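Only one structure is covered here, and it is reproduced in the block below.
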Amino acid sequence: MNQFFNELQYFSDFTTRTAIMEAFAAIALSFLLSLLITWVYKKTHKSGQYSQTFVQTIIIMSVVVSVIMIVIGNNIAVAFGLVGAFSIIRFRSAMADPKDIAFIFFGMAAGISCGLGFYTLAVLFAITLSLLIYILYAVDYGAKDETAKTLKVTIPENMHYDDVFDEIFATYLAQHKLLQVETTNLGTMYQLTYTIVPKEGVSDKTIIDAIREHNANLKVSIIMPSQTF
C-alpha cells in the first residue's frame, strides 16, 4: 500500500512538473513571438513615430492571454468566470490607426495558440502573417494615387458650372472629375469639389490663376494628396 501511495505521489509530482514546464514553454514562446510581431509593427509603421507603450502592450497582452488560456484549459466554469471578470474592463483611448487594432489581435492570437499548446501552429501563424504584412508594406499595397489632388472652386450663384471650366481643364489637367456641388455664403455662391490630376510640368499656381479668371476671382484651393480624406 505504501508503495502505491509513493507511486501516486510521484505521478502527481511528475504531472505538476510537466504542467509547469508546458506553462513556461507557452509563456516563453508567446513572448518571443510577440517580439517578432512588434518588430514587424515598428518596421511597417508608416509615420515612423509609434508609441513605445503600445509596442510593450502588445507583448504584455500576448503573454497574459497565453496564461489565461492555460488557466482556463477545458474548465467551462473558469472560462465564464474570467469573461465576467474581464467584462468590467473598459478601454478609454481610441486607436489612431486601424492597423494598430489588427496588431493587438495578432498578438492575442499568438498568445491563445501558445496557451492552448499549439506551438507549431503559433510559430507558423506568426511567421506567415509577419511575412504577409511586410510584403504588403514593401509593395505599398492599397496606396492612393499620389498625383491626384482635390480642387475646390467657389463660383457665383448665377454661373452655370457644368462646362465653364472645360477649356481650362483640357489645357492643364490630365484627368478631372466633379465630386460635389454645395451652396455656400448663405446660398449666394456654389462650391465645386473636383479630383484632378495635373499634366506633367503644370504647377498648381498656373491652374489657380487660370480658374480665377473665370470665377470672378473668388476662392480657389488645391489640397495635396496627404490632406485629402
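Start at 1 with the first residue, then count along the sequence. Quantities reported herein were computed from a predicted structural model and do not represent experimental measurements.
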Verdict with reasoning, Leu33 to Cys114, per side-chain contact (heavy atoms from CB on, under 4.5 Å): CA-CA 10 Å; Leu33 294 180; Cys114 293; 3.9 Å; yes
Which atom of Phe169 lies closest to which atom of His176, heavy atoms considered: CD1-CD2, 3.4 Å
Verify same cluster id: Ile208, Met159 (apolar side-chain graph, 4.5 Å): yes
Under 3.5 Å: donor-acceptor pair, side chain of Ser34, backbone of Phe31: yes
Euclidean distance, Thr154 OG1 relative to Arg212 CZ, rounded to 0.5 Å: 12.5 Å
Whether Phe54 and Tyr41 hold their rings parallel, tilted or perpendicular, with breakpoints at 30° and 60°: tilted
Tyr134 reachable from Ile37 in the ILVMFWY side-chain graph, under 4.5 Å edges: no
Phe24 reachable from Val123 in the ILVMFWY side-chain graph, under 4.5 Å edges: no
Rounded distance [0.5 Å steps], CG in Leu129 versus CG in Leu124: 12.5 Å
Crowding at CD, Gln180 (>12 non-hydrogen neighbours, <6.0 Å): yes
Donor-acceptor under 3.5 Å (Asp163 side chain, Asp166 main chain): no
Gly107 to Ile58 - nearest heavy-atom pair and separation: CA-CG2, 4.4 Å
Exam field: side chain Lys199 to backbone Ala170, donor-acceptor pair closer than 3.5 Å: yes
Within 6.0 angstrom of Lys43 NZ, more than 12 heavy atoms from elsewhere: no
Student check: side-chain heavy atoms of Asn185 and Glu157 closer than 4.5 Å: no
Phe103/Ile133 under side-chain contact (heavy atoms from CB on, under 4.5 Å): CA gap, chis, key distance, verdict: CA-CA 10 Å; Phe103 271 95; Ile133 293 173; 4.0 Å; yes
Minimum heavy-atom distance between Thr183 and Tyr190, given as atom pair plus value: CG2-CE2, 3.7 Å
Atom pair CD/NE2 of Glu167 and His214 - distance to nearest 0.5 Å: 6.0 Å
Heavy-atom pair of closest approach, residues Ile70 and Ala26: CD1-CB, 3.8 Å
Leu151 and Phe165: CA distance, side-chain angles, deciding distance, side-chain contact (heavy atoms from CB on, under 4.5 Å) verdict: CA-CA 12 Å; Leu151 170 67; Phe165 301 118; over 6 Å; no
Heavy-atom closest contact (Ala109 atom, Phe125 atom, distance): CB-CE2, 3.7 Å
Closest approach of Pro198 to Leu173 (non-hydrogen atoms, all atoms of both residues): CA-CD2, 3.8 Å
side-chain contact (heavy atoms from CB on, under 4.5 Å) between Phe106 and Ser130, worked out: CA-CA 9 Å; Phe106 189 3; Ser130 295; 3.7 Å; yes
OG1-CD1 distance between Thr44 and Ile135, expressed to the nearest 0.5 angstrom: 12.5 Å
Within one Ile-Leu-Val-Met-Phe-Trp-Tyr cluster: Tyr119 and Ile112, side-chain cutoff 4.5 Å: yes
Interatomic distance, Ile127 atom CD1 to Leu36 atom CG [nearest 0.5 angstrom]: 7.0 Å
ILVMFWY cluster, Met189 and Val181 together (side-chain gap under 4.5 Å): no
Separation between CG of Leu192 and CD1 of Ile155, rounded to the nearest 0.5 Å: 4.5 Å
Other residues, nucleotides, ligands: >12 heavy atoms within 6.0 Å of Glu182 CD: yes
Short side-chain to backbone donor-acceptor contact, Thr38 and Leu35, under 3.5 Å: yes
